[in-house]
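Residue numbers start from 1 in every chain, and the chains themselves are labelled A, B, ... in the order their sequence lines are given, proteins ahead of strands. Because only heavy atoms are used, hydrogens play no part in the values below, and waters and symmetry mates are left out as well, while side chains stay in.
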There are 2 protein chains.
Amino acid sequence: MTDTVSLSPTPEPYTLAVDGMGGDAAPDVVVAGLDIAADRHPGLRVLLLGDEARLAPLLVRHPKAARVCTVRHAASVVSMDMKPTAALRVRDSSLRLAMDAVAEGEALGVVSAGNSGAMLALAKIVVKTMPGISRPAMAAISPTARGDIVMLDLGANVSCDWRNLVEFAVMGEAFAKAVLGLPAPTIGLLNVGSEELKGDERLRQAADVLRDSPLAAQFHGFVEGHDITAGTTDVVVTDGFTGNVALKTGEGALKLAFDLLRRVFTSSWIAKIGYLLVRPGLERMREWLDPRRYNGAVFVGLNGVVVKSHGGTDAEGFASAVDVAVDMVAHGFNETIRARLARMGSLTAPVTRGEPDASRDVVEQVP
Amino acid sequence: MTDTVSLSPTPEPYTLAVDGMGGDAAPDVVVAGLDIAADRHPGLRVLLLGDEARLAPLLVRHPKAARVCTVRHAASVVSMDMKPTAALRVRDSSLRLAMDAVAEGEALGVVSAGNSGAMLALAKIVVKTMPGISRPAMAAISPTARGDIVMLDLGANVSCDWRNLVEFAVMGEAFAKAVLGLPAPTIGLLNVGSEELKGDERLRQAADVLRDSPLAAQFHGFVEGHDITAGTTDVVVTDGFTGNVALKTGEGALKLAFDLLRRVFTSSWIAKIGYLLVRPGLERMREWLDPRRYNGAVFVGLNGVVVKSHGGTDAEGFASAVDVAVDMVAHGFNETIRARLARMGSLTAPVTRGEPDASRDVVEQVP
């Protein structure tokens, strides 16, 4: 991720609120990760939320992190298995205070390795959904044969209407610009076939709106499951149910391939020698396909940048999550969405296409 | 597939109606495939539908096929790109006559390498949906780390209600018994998380019904995308949209892994030598993961066995599709479903759980 930051580095200082206590190895990994990130991003300032007594000695050991961090004490922690509804009631958690800092304009974004369901719920209640967006979505970067792509929604919204899908396309395009550095990312709508008549009304409606929008030139139409890994489009848009299943199925299939490869390479002495000869290439391949390479997902469509690091990440992984947040802030992710929405607002206004379906609350639905 | 037939071979002769003209290399590959199948299944009789003038010389060259086949002339062919609605209007196609033969009790099942959308449409109109089943589904066998599993629906029904999902579970269980030879296959319902509260109302309702049914002991609950390839359950049940995307995403991810492996093995002379040392194991692995290993999919929930071979199959592949049909007939696939439905009929009756959602016709939706 580091090299994409160099696309157009912003010299101004910007502040991220970092949840010091979220994740399996917090706060140690968080502070160690910030030490790496501080080195990479000269403009970075961090408001670090958490248990002051535990954070202070760690910052002594990580002077680069200490240079960019201001610690603010948080008396409690949202545990990894806390229900979102319970997390909403804890007013003094490190995650809550990080969200508060964005809501109050002290920081432009949040990075946490904590509980993702609680993160989405708090982000919606505290940071709030961006004007013009009906529902935030969860996006992530995925490796393909052709390079990296962006996929969303990955589970924030189990059911979606056509309007949500159009908004995901807008947000995915802005994300691919900001984080992958693509000037004009192409967009595909995930379906069971690429013909115009495939899928349900919701998909056809979303496709009609996109074909008729300022994104028309970038809209590729419908794509299928195999197009995700083929990298047919730079952005793959789908509802949170299908996206979540597709993401986990793809990761599962790659894991199956690696498990079987391991059996092949250990099946005989000759195969073991073969393994030694191809090991460097295999390690590059494994690294390329590792779902943790970009470490985590991003909640898009909020009044601030909200990046979720994997709970079990190491310091390097946490620094990658900070990279993503820095990319999004430095490349004006939310400004790109706002500008796009302003140009296509009338296209998604319910009055012209019928009211979007009523959908229930999805706070409990995050994977 | 051949060895699963030996589980409980049926000595009685049984007739399959085979579409001689369906597929990219028909009728040659079809007759050559029947030659292989005739050798494997002594009880097999085939009603072969197609252009008599083209089939007769092929049967002369394939005496084993000739021994089991009775040819019936069909004046026309359903082309691979014909719309299902158009295919329904052609009364004298080889595919239509094959379906007619099942409807009239002349054959127990149909095997075709032809147009799958047309196959489903014709099967629904001619062979008809089994009593107690609201909608047929498309099922297929998929390789996993733990052995083969059955997944359905793979695209016959873009949207499904809870009742459809319960019926898919019943049909998938019977399929795993008949074709994989498992005595008590376990069943998972695909969702975005394994907790009971995950997913939408439709999934929770289907899970409630299954937990309270004669299948309760085999019902594992919710599974996620990565459970498909992990082989967590023997049967994975989902709607046709999600199933289609998951199937194609999994296949795409495996293709990506093999494409990257090819790059690794050709990246240097040392790597090429390494490849030679592990080649036998790699070839076994590729064969194991090849989506064409079982060649095709099955439409379940009809008054007969309907097996779809891949359009581009070779003779061995077509024989595999015949193997599946033989397994389903010989192991009483439809009888197993009927017996199960009789025992759980009251559980899926709309009156006790609310009327299933209205859903539109899906004839055009097959992938």
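Taking every heavy atom of both residues into account, B/Lys248 and A/Val192 meet most closely at NZ-O, 3.1 Å. Smallest separation of non-hydrogen atoms from A/Ala257 and B/Leu254: CB-CD2, 4.0 Å. Among all heavy-atom pairs drawn from A/Leu190 and B/Val245, the shortest one is CD2-CG1, 3.6 Å. Here the shortest heavy-atom pairing between B/Ala253 and A/Ala253 reads CB-CB, 3.7 Å.
A/Phe258 does not touch chain B: none of its heavy atoms, backbone or side chain, sits under 4.5 Å away. Residue B/Ala230: no heavy atom, backbone or side chain, is found under 4.5 Å from chain A. With a threshold of 4.5 angstrom between heavy atoms, A/Leu256 approaches chain B through side-chain atoms but not through N, CA, C or O. Interface remark: B/Arg279 contributes no atoms to any contact with chain A (heavy atom separation under 4.5 Å). For a residue to count as touching a neighbouring chain, one of its non-hydrogen atoms must lie under 4.5 Å from one of that chain's; by this rule B/Leu247 does not touch chain A. Heavy-atom distances place the side chain of A/Ile228, and not its backbone, under 4.5 Å from chain B. Heavy-atom distances place both the backbone and the side chain of A/Leu261 under 4.5 Å from chain B.
Surrounding CD1 of A/Ile270 are at most 12 heavy atoms belonging to other residues, nucleotides or ligands under 6.0 Å away.
Atom CZ of residue A/Arg202 and atom OG of residue B/Ser159 lie 9.5 Å apart, to the nearest 0.5 angstrom.
Ranked by heavy-atom pairs under 4.5 Å with chain A, the first of B/Ser268, B/Ala246, B/Pro280 is B/Ala246.
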_Please determine whether side-chain contact (heavy atoms from CB on, under 4.5 Å) holds for the pair A/Phe265 and B/Leu277, giving the CA-CA distance in whole Å, both sets of side-chain angles, and the decisive distance to 0.1 Å._
CA-CA 9 Å; A/Phe265 287 126; B/Leu277 299 178; over 6 Å; no
_Full working for side-chain contact (heavy atoms from CB on, under 4.5 Å) between A/Thr242 and B/Phe241_ = CA-CA 8 Å; A/Thr242 312; B/Phe241 189 90; 3.7 Å; yes
